[in-house]
Structures are given as C-alpha cells and as structure tokens.
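Each remark here refers to the structure printed beneath this line.
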There are 2 protein chains.
Amino acid sequence: MNFSTSEENYMKAIFHLQQENSTVTTNRLAALLNARPASITDMMKKLKTKKIVHYRPYRGFRLTTEGNKIALGIIRRHRLWEYFLSEKLKFTWDEVHDIAEDLEHVSSKKLIDKLDAFLGYPRFDPHGDPIPDHQGKIEKNRQLALSEVPLNKTVIVCHVSDQSSPMLELMKHNNIHMGTRLEVKKKFSFDQSLEIKIRQQAPFTVSNQVAKKISVKYGT
Amino acid sequence: MNFSTSEENYMKAIFHLQQENSTVTTNRLAALLNARPASITDMMKKLKTKKIVHYRPYRGFRLTTEGNKIALGIIRRHRLWEYFLSEKLKFTWDEVHDIAEDLEHVSSKKLIDKLDAFLGYPRFDPHGDPIPDHQGKIEKNRQLALSEVPLNKTVIVCHVSDQSSPMLELMKHNNIHMGTRLEVKKKFSFDQSLEIKIRQQAPFTVSNQVAKKISVKYGT
DNA sequence: AAATAAGTTTAGACAAACCTAAATTAATTA
DNA sequence: TAATTAATTTAGGTTTGTCTAAACTTATTT
C-alpha cells in the first residue's frame, strides 16, 4: 500500500512517542505534530481502517505490527538522508533534520537501498540514532548519559536530546559534536558538575543537568 | 513565494511546451500533465493571480519573467538529482527521471547548491540536457543530430529524443548510452544509413531515421 | 457519588486540487 | 455569413487534510 506524506508523518510521530510509552494519546500526538486534537482523531480513524494503528475511541492508540514496519521504513529513509546531508554535502548536524523531513517522503525502495549502499551502510545517523537496515532491523546502541560515565573512560558523543539554541550554543562553544571523543576527568560532588577533557583541548566543566542530555557510547 | 508540488509541475510543463511554441494551450498542457482541460483552467487562474503566467481566457498562456525564473530553478533541481542518481547511485539513465520527479520538489536552495558543489558543478544531465546554474543560466549545448555528423569526427552522445522501448532496445543492443564516444565511418547514400564505430567494438550500421533521433556534441 | 476538569470526539466548514457535464467562445467550413 | 466543430471555460461535485466550536467521555476532586 502507498501512504500520503501526512499519513507517514503521523506514523513516524506515533512511533517516536511509543518509544517512551506503549500507548499514545490524542493530545500528545497533537502537540508533537502541531495539529489540533480533532485532526488527530480524523487521521486515527483512517489509519485504523488501513490497519496501521490499534485504536478505540478515548483509549489512545498504538501502531500495529504492520504500522511499526512501515514507520521503521520511514525512519530509515529519514536517517539515511541525514547521514548523506551531513557526510557528503557537509551540512552541520543541526541543519540536516528539516531537509531530511522532506526527502524522507520520496519513497522509492530502490532509491533508498542504493543510497544506503552508496553511503557504505552506515549504522548511525549524525545525531547518533540508529539507522534501520533494509529489513527494518535496528542495531541497539548501548548508550548512556554523559552524567553516568565512569572516570577516565573514552566515550563517543552520539546523541543530544535537547536541540534548543542554548544547548547548541553550549555544544558549539565547547567544541562538542556528534562523534566527539571525550573523557570525564572529575566529578564534583558538591554541585555534581563534571570536568570533561577532549583530546588536545583544555578541560572544561559542564553541569549535571547538561550532562544528562548528552548520550555517549563506549569506543576509542 | 512558495509553491506547491502541483504548481511546480504546471510551471515546468509550461516551460517545456514553450520551448517549441511561444504560447501554450489548455489542451496541450492537459495532455502533457495527464489532467483534464478544466483542471488546467483552474490552475491558470491561480497562477495568473500569482503573476506566474500571462493568461487571457481562450487565448493560451505563457510564463512571465518571474515564472520562467522559477521554472528554471525546478529544472535545475530535477537535472541535478538525475545526475546524482545516475553518477553516484548508479541508476541507469532511463530510471532516473521518475525518481527525480519527486526529489525536485524538495526546495531548499541551500540543499541544491550544496548538491551542485558535491557533484562538481555538472553542466549536463544524463540525458544530455543542460543543467541551469544557480542563477538559472543555461549553457547552450551545441548539439547536432548524429545524422549530420561529418565522417571520422569523434562525438559524444548527449541526447535521445525517442524514449520508446524499441529505441531503448536498439541503443542497448549496440551499447550506445549517454556519454558514449563514437565516430561515423561511412554514409551509404542509397539508403542513407550510417556506419558507426565505437572504440574497441565492431562497427555497426543504423538507419538515418534512428540517427536523427540521437543528438551528439563534439568532444574527444 | 456528584461535580468539575481534562481529554477526546463529532459536526460542520474550508482550501487545494482534482473531476464531469454543460455552456460558451473561437475557428473552420459550406 | 451561417452552421458546424473544436477548444475552452464555468458550474458544481469529490477527496484529503485541515480547522473551530460544541458535545461527549473519562478521570479527579470534594
């Protein structure tokens, strides 16, 4: 079956909300999609008849097995394009999301598989999110928050949950981006701040609050 | 201003029809776009208020200067994506059109300019059609029909006007594609057929009819 | 267990982009 | 030039995806 851009955006949004909670509500989806609750209800009825979501009025909804598969396909497209934009076209990692948002709806399977091959089958996008393979399989990236990292272990920045400007500012200022390798040198117990060291740079400190928003994985 | 996918398709179609004739009619556009004449009229009214076309009922229409500029931008996107698909993703040149048809509507200027740079500022797409530059300027490709080529001059295949299956068949069979370098060795006056030689291949003949449909340009 | 608040759905409208069928205009021919 | 034909436009309808405002459920308080 073939889906409209709008339907695809709904599926993707439900998928993301489901990561946290198993059942998704009208209002939460409306907030995420910048739409009115009434519009959500309309679309849920439609997606229900298409067997994409389980839905009973007033009881929230979740993707069916089929819906999940389709959502993973959309996310695959999104993340491969993000990787392309960042790696090949040299966009900065904060610019890629919006453009990928459009490109992801071009739905030729062959295009995406060839793009995947051209990019060398990357497993993570520039934000550190895993890219589903052509069967929709996702590699779990054992991530942990920077705030949880043991001292003197080299870790790689692979996700930032807060994309607000102050956060981006702070990252840029300290030269942190996707793929940055760093170590936690000290943990100050009085205010829980961390001293961070990036190779060949002066150390600096970040608050625990900020460190919670930066995910890393082990690596050299 | 921002345009819908549909508006963009209309502009592009008018642009193409204008290449032959200066003024375009409802029926011709309807045929090209696979739409009903009534739909064309609706859209022309809309594009007129947006100052994209000159239009007086029953008198046909043509793009305004502004409309022309926009159309060139769309064609630029289309042809850059075609080039990308063929050159980087290794699609065959007959597969690229339909996919580019979708990609062309992703309208970030920055995306297209970066893509252009990534591709090395190509000047012709895989069908041999010129790619407008970032200002909309088109390089005129001094093309001529294969049937007009002087003997023993190396030329490069850069356009095929007939995309029917028999033609594609014939091209494939003789190993002719975009960019193929060849020479005309003999012209048989009794039936006007041509003997063609591609480097490191046995010579073969093609009829004058076929040779008229293959455009080439000079080059080594 | 009512009453209230919060969340959700229904009813009805609207714009975009199509369509069909009927009416109109322009072009052609007798 | 009047009649016929071909092309175009108008009128009105459909689908998709959105919206607002009102009605209805469910959850939470008192």
Side-chain angles (χ1 to χ4, degrees), chain A residues 1-14 17-18 20-63 67 70-71 74 101-102 104-107, chain B residues 1-14 17-18 20-63 67 70-71 74 101-102 104-107:
Chain A
M1 208 188 292
N2 232 36
F3 298 96
S4 70
T5 295
S6 201
E7 289 170 330
E8 289 192 348
N9 284 334
Y10 275 83
M11 286 187 240
K12 196 170 49 126
I14 296 169
L17 288 176
Q18 267 186 192
E20 301 150 35
N21 257 306
S22 77
T23 173
V24 179
T25 67
T26 304
N27 267 1
R28 286 217 297 150
L29 194 49
L32 185 59
L33 287 171
N34 264 122
R36 294 307 143 127
S39 310
I40 306 300
T41 303
D42 287 350
M43 184 58 96
M44 287 312 109
K45 284 188 205 159
K46 191 170 158 209
L47 291 183
K48 186 188 173 160
T49 71
K50 291 197 177 190
K51 305 255 174 80
I52 296 302
V53 296
H54 297 292
Y55 167 56
R56 284 186 45 225
Y58 297 101
R59 291 279 109 118
F61 27 81
R62 59 180 209 288
L63 292 169
I70 296 166
I74 301 163
E101 202 74 8
D102 289 338
E104 76 189 9
H105 300 295
V106 176
S107 60
Chain B
M1 207 188 292
N2 232 35
F3 298 95
S4 70
T5 294
S6 199
E7 291 170 328
E8 290 192 347
N9 284 335
Y10 276 82
M11 287 188 241
K12 197 171 48 128
I14 296 169
L17 288 177
Q18 268 185 192
E20 302 152 35
N21 258 306
S22 77
T23 172
V24 179
T25 67
T26 304
N27 267 1
R28 286 216 297 150
L29 194 50
L32 185 59
L33 287 170
N34 264 122
R36 294 307 144 124
S39 310
I40 306 299
T41 302
D42 286 351
M43 185 59 96
M44 286 312 108
K45 285 189 207 160
K46 194 172 155 205
L47 291 184
K48 185 188 173 159
T49 71
K50 291 197 177 190
K51 304 256 175 80
I52 296 304
V53 296
H54 297 292
Y55 167 55
R56 286 186 45 226
Y58 296 101
R59 292 277 110 119
F61 28 81
R62 58 180 211 288
L63 293 169
I70 298 165
I74 302 163
E101 202 74 8
D102 289 337
E104 75 189 11
H105 300 294
V106 176
S107 60

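By convention in this document, chain letters (A, B, ...) are assigned in the order of the sequence lines, proteins followed by strands, and residues within each chain are numbered from 1.
Not a single donor-acceptor pair under 3.5 Å links the side chain of Glu8(B) to the backbone N or O of Ile74(B).
When heavy atoms are screened at a 4.0 angstrom cut-off, Tyr10(B) is found touching the sugar-phosphate backbone but no base atom. Within the 4.0 angstrom heavy-atom criterion, base atoms lie near Pro37(A).
Under 4.0 angstrom from either OP1 or OP2 of dA6(C) there lies no side-chain N or O belonging to Asn27(A). For Thr26(A), a side-chain nitrogen or oxygen approaches OP1 or OP2 of dT9(C) to under 4.0 Å. In this structure, Lys45(B) reaches the dT10(D) phosphate: one of its side-chain N or O atoms is under 4.0 Å from OP1 or OP2. Contact check, Arg36(B) against dC18(C): no side-chain N or O comes under 4.0 Å of OP1 or OP2. Put simply, Arg59(A) has a side-chain N or O that comes within less than 4.0 Å of OP1 or OP2 on dA27(D). Within the 4.0 Å cut-off from OP1 or OP2 of dT18(D), not a single side-chain nitrogen or oxygen of Ser39(A) is found. Side-chain nitrogen and oxygen atoms of Tyr55(B) include at least one within less than 4.0 Å of the OP1 or OP2 phosphate oxygen of dT9(D).
The distance between atom CZ of Arg56(B) and atom P of dT8(D), rounded to the nearest whole Å, is 15 Å. Going from atom CE of Met44(B) over to atom P of dT10(D) covers 14 Å, rounded to whole Å. Lys50(B) places its NZ atom 10 Å from the C1' atom of dA16(C), with the value rounded to the nearest Å. Rounded to whole angstrom, the span from the CD1 atom of Ile40(A) across to the P atom of dT8(C) amounts to 10 Å. Atom CG in Leu29(B) sits about 15 Å away from atom P in dA7(D), given to the nearest Å. Rounded to an integer number of Å, the gap from Tyr58(B) OH to dT9(D) C1' is 4 Å. Protein atom CG of Asp42(B) is 15 Å distant from nucleotide atom P of dG13(D), rounded to whole Å.
Side-chain proximity of Thr41(A) to the nucleotides dC19(D), dT8(D), dT10(C) is greatest for dT10(C). Side chain of Ser6(A), nearest nucleotide from dC18(C), dA7(D), dT18(D): dT18(D).
The environment of CZ in Arg62(B) is sparse: at most 12 heavy-atom neighbours from other residues, nucleotides or ligands sit within 6.0 Å.
A distance of 8.5 Å separates CD of Glu7(B) from CE of Met1(B), quoted to the nearest 0.5 Å.
Judged by distance alone, the side chains of Asn9(B) and His105(B) do bring a donor and an acceptor atom under 3.5 Å apart.
Each of Thr5(A) and Pro57(A) lies near DNA chain D, and the nucleotide nearest Thr5(A) is the one positioned closer to the 5' end. Nearer the 5' end of DNA chain D, as judged by each residue's closest nucleotide, is the contact made by Ala38(B), out of Ala38(B) and Met43(A).
Contact annotation: the side chain of Phe61(B) approaches that of Ile40(B) to within less than 4.5 Å [non-hydrogen atoms, C-beta and beyond].
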